[in-house]
Structure formats: C-alpha cells, structure tokens
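Predicted model, so just to flag it, every value in this text is computed and none were measured. All ligand and atom numbering here is 1-based and tracks the order in the structure. Sequence positions, counted from 1, serve as the residue numbers for this chain.
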Amino acid sequence: MIWDPFYECMDPEERAQLQVRRLRETVARVKANVPWYRERLREKCIAPEDITSLDDLRHLPFTTKVDLRDNYPFGLFAIPPEECVRIHASSGTTGKPVIAGYAREDIGIWAETIARTIACGGGTSHDVLHNAYGYGLFTGGLGLHYGGELMGCLVVPVSGGNTERQLMLMEDLGSSILCCTPSYALTIVDEADELGFDLSRINLKSGLFGAEPWSEGARESIEERLGLSAHDIYGLTEIIGPGVAAECGAKAGLHVFDDHFIPEIIDPETEESLPPGEKGELVFTCISKRAFPVLRFRTRDITKLDYEVCECGRTQPRMERITGRTDDMLIIRGVNVFPSQIEEVLLKIEEVEPHYQLVLTREGRLDNLEVQVEVSPAMFSDEVRKLEAIEEKIRERLSSALNIRVDVKLVEPKTIERFAGKAKRVVDMREEA
Ligand code: ADP
Ligand code: ZN
C-alpha cells in the first residue's frame, strides 16, 4: 500500500513546481522571522523572489550542526517557542544536543511521513506496531508512535529495554511490526537465545530499523532470525526525526519524502552540489515545516541519490543506504575507514557474532585499530589453534577490504556491550595517548 499516492507518486515535474513554491515561501518566512537566516541571506545577496527553480537552491546558505549549537536553544525557530507544542532533542551522539521545535502542523506532517514510512514497510491499519524506539526527547519513540496511530495501527509504546518483557508482549499481543534500532533487533535475537525463547512464538512480518548505520549482512541475520522483512528507515532530529526517508518493498534505496524535505548531495570539501548519482554529503532543506525549517542542513551522512522511478510506483527519489557519516569516518594511517565496512566483513564470517567494537590507539605516531569481535558460543569451546585460524581469516579479509592492517581479537560470547538504542562501537583512545 502507498499511504499518499498523490504526493508519493506525483509527476516529478509537477512536484518540482510544488517544491519551488514551498521553498520560496519558506525562505520568505525565515527571512522575516529568523534574524540569523536574514543575515545569511543578506550575505549571499539572495531574496525569496530570486528563487524560480530548484537550481536556485545552491545559492542558499548552508546550516551546520555548529550553527544550531550557536543558536541554542531557540535561536533558529521561525515562530515563538510558546507557539510550539513540542520539542525534541538529538541524541547527542556527537556532542551537545540540538533542540528542535514543532508546531501543531509540524506534528501532523511528521505523522504523515511516518505513516508513509510504515506503508513502505508493508504496514496497514491492521498491524500491531511494537515500538521499541526510545520514548522521550529522542525522536524515534514518539515519531513512530504518532504515525502508527494516524495509520490506524494498534501501537504498543514499549520503548527500549527489558527485552524479556518485550518478547512476552510481542507474543501475547500478536505484534506484526517491530520498530527499533538494528542493534536492538540483534540484542533481542541474542537475548531470546539466552532465555531459551523460541522466536517462532512471535509472528512479526516486518521491521522498521533505523537511527544508525547497519549493513546488508545485519539485514540478513535479522530477517533470518526474526522471520521478517527488514526495512531501513532514515531521519534526523534537525529535519523532523524519523520519517525523512524509508525503504519500500523493492529494497533498492530509501524514498526521500521530498515534497517536505529537498535532498541534495554536495562535495563535503568544496561544498559544490553534485549531479544525481554521485556520492557525497547529504543536505536537506525543509520546505513545509512551520516552527523549525532549516535551509540546506549538512547532515554529514554520506550517500547518493537515484531519481529513476521505482518499481513500487513511487516517484520520490531514493537515497542509497547510509554507510557512514563524515564524522564517524576513521582515518587510520591515512586511510579512510567507515565502521560499516568492517561490519560488512564481520557479518559474512560464520564463526563470529554480530557484536563488535573498534578500539583505536596510537603507538608513537601510528594509529592502530583493533577489531574486537565475539566468537559464537559453539566456537568458543574449540581449541586455541582453531580460534587463531579464525582470527587470521578475519584479519586477512579486513586487510583486503580496507587496505590497511588491523589487529583482530576474538572475545568471549556476551562480553561486548549490548544496546537498546543506538550502538556505540568506536572506542577512541588516541587523545589520551
Ligand atoms: P545525533 O546526530 O545526535 O545522532 P539523531 O538522533 O537525530 O541525532 O540522529 C540522526 C543521525 O542518525 C543521522 O544523521 C544519521 O547519521 C543516523 N541515522 C539515522 N537513520 C539512519 C539509517 N537508517 N542509517 C544510517 N544512519 C542513520
Ligand atoms: Zn520504491
């Protein structure tokens, strides 16, 4: 089912006109109401009436995470905070949180884009939506919640944690859609094994997993163990929360809901926009929000866009799965390494579990990366010689995938931290050295 065929399957030309109109209105509104944007627009010598096509986007100023922090907490709101009905804050993966404000209309838009997201994952009003994203300032919980209600699902607002209880509820309530971070989905599988809980007792048909990067390998293991179809969903607090883009049944990229959020790809170094199909930093401009519409927000996420019409019938462009952010890229002895590349390799190795940690240290002037990964319980009892052979195999595969030498350390099952929300896999000890 497509939630809103009018917008999701709109003729691209027609949508471009809608986007230009909404963009012009948004620029006029931030110019009138946000002194910081007024100043930036003045510097760039651009006025709302100069915007006549989507090409003009490139003349608008960027907004960065630093700009949002400098204007903390309400400086970039386009309406007085007392006219907002809610705030959320980013999880602060990379520092101080960013406060996002929502007017009543914005909550409505958000619920719509989440309903589209749920429909992308095959959901309908008959579904029981088990929502294990964290409730609170984090956008995941309440975001999925309101969209689920709008769609007419039976929403189970369980939030993260207490996995045993989650398993019981999924079984007893007949949950059909699981919403959580991909790392929590793996934690659920793991804990079910530990508890001796037979996963065939739950009857999930699909999963909406996002908020952090995950790999095809993780998708395969989650789908196989939970017996569901796993869909990648994407969003960020600065733009609205989840509900910015979602993967349909074709699983060939995430449809960006670009009647609300216009995506662009730029070269992170030169800041030039790149043509469709080229990989670079994803940038979003909000064109329908009232309280907190940001212009050209630099997400630091790396991807590319595909404007071909999808086999599902949606005409909205698709972004490739995010493989990392510019700021989680590790530079090890001059080579760029994304944690997702390591995950991709590890998940193809049968003898280890999808639980790993990357420890960075500095010896003299040389960076060193140690990949710690759990061996599967069956393997752990094996002889040392066999374990050494597994370590060697992983080391070889990682070296050829990354083009650098890394250390590999197998660790006992259940020794690496489990996550109910976003995973933190990189331990960087280089500063202290
Ligand atoms: P923070 O930036 O503090 O983590 P958010 O909770 O708003 O705040 O997280 C948004 C970020 O999470 C995105 O910019 C992106 O890096 C990551 N993210 C969200 N969804 C996905 C996804 N499906 N795949 C990869 N990364 C994702
Ligand atoms: Zn599609």
Exercise for review: Please name all residues satisfying salt bridge (charged side-chain N to carboxylate O under 4.0 Å, His left out) with R58, sequence neighbours left out, ordered by chain then number.
Suggested key: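 Residues passing salt bridge (charged side-chain N to carboxylate O under 4.0 Å, His left out) with R58: D55.
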
Shortest non-hydrogen contact from [X] toward [Y]:
| X | Y | result |
| --- | --- | --- |
| F257 | G243 | CD1-O, 3.3 Å |
| L142 | G136 | CD1-O, 4.1 Å |
| S206 | G121 | OG-O, 3.0 Å |

Practice item. Could I get the full list of side-chain contact (heavy atoms from CB on, under 4.5 Å) partners for Y72, not counting sequence neighbours? Key: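 Y72 satisfies side-chain contact (heavy atoms from CB on, under 4.5 Å) with K96, I99 once adjacent residues are dropped.
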
Point to revise | Non-neighbouring partners of R333 that pass side-chain contact (heavy atoms from CB on, under 4.5 Å), sequence neighbours left out | key: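 Residues passing side-chain contact (heavy atoms from CB on, under 4.5 Å) with R333: L366, N368, I404, R405.
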
Those atoms of ligand 1 less than 4.0 Å from some heavy atom in [X]:
| X | value |
| --- | --- |
| F138 | 6 (O) |
| D232 | 22 (C), 23 (N) |
| G210 | 23 (N) |
| R325 | 1 (P), 2 (O), 4 (O), 11 (C), 16 (O) |

Review point. Going by atom types alone, do T187 and D190 pair a side-chain donor with an acceptor below 3.5 Å?
Key: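 The answer is no; no qualifying pair exists.
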
Review point. Does a side chain donor of either T139 or Y133 reach within less than 3.5 Å of an acceptor in the other side chain?
Key: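 There is no such pair between these side chains.
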
Between [X] and ligand 1, does any nitrogen or oxygen pair lie at a separation below 3.5 Å?
| X | answer |
| --- | --- |
| A211 | yes |
| I233 | yes |
| W214 | no |
| T237 | yes |

Point to revise | From K65 atom NZ to L68 atom CG, the distance as rounded to the nearest 0.5 Å | key: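 Separation between the atoms: 8.0 Å.
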
Check your understanding: Are Y146 and W110 near enough that their ring centres are under 6.0 Å apart?
Key ->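 No, the ring of Y146 stays outside the 6.0 Å limit from the ring of W110, centre to centre.
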
Point to revise | The single option from T326, D327, D328 passing side chain to side chain donor-acceptor pair (under 3.5 Å) against R300 | key: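 Running side chain to side chain donor-acceptor pair (under 3.5 Å) over T326, D327, D328 with R300 returns exactly one hit, D327.
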
Check your understanding: Is it true that R321 lies under 4.0 Å from ligand 1, counting heavy atoms only?
Key ->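 It does not; every heavy atom stays at 4.0 Å or beyond.
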
Check your understanding: Are any of the heavy atoms in K65 under 4.0 Å away from ligand 1?
Key ->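 Within the 4.0 Å threshold, so yes.
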
Practice item. For the Zn ion (ligand 2), count the protein N, O or S atoms found under 2.8 Å away. Key: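 Every protein N, O or S atom under 2.8 Å from the Zn ion (ligand 2) counted, the figure is 4.
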
Check your understanding: Hey, does the Lys NZ or Arg CZ of R425 hover above the aromatic six-ring of Y356, less than 6.0 Å from the centre and inside 45° of the axis?
Key ->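 Judged by the rule (NZ or CZ under 6.0 Å from the ring centre, within 45° of its axis), R425 counts as positioned above Y356.
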
Check your understanding: Should one rank E247, E238, E212, H88 by closest heavy-atom distance to atom 26 (N) of ligand 1, which comes out on top?
Key ->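 Looking at heavy atoms only, the winner is E212.
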
Check your understanding: Is it the side chain (CB and beyond), the backbone, both or neither of L236 that lies under 4.0 Å from ligand 1, heavy atoms counted?
Key ->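 Both parts.
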
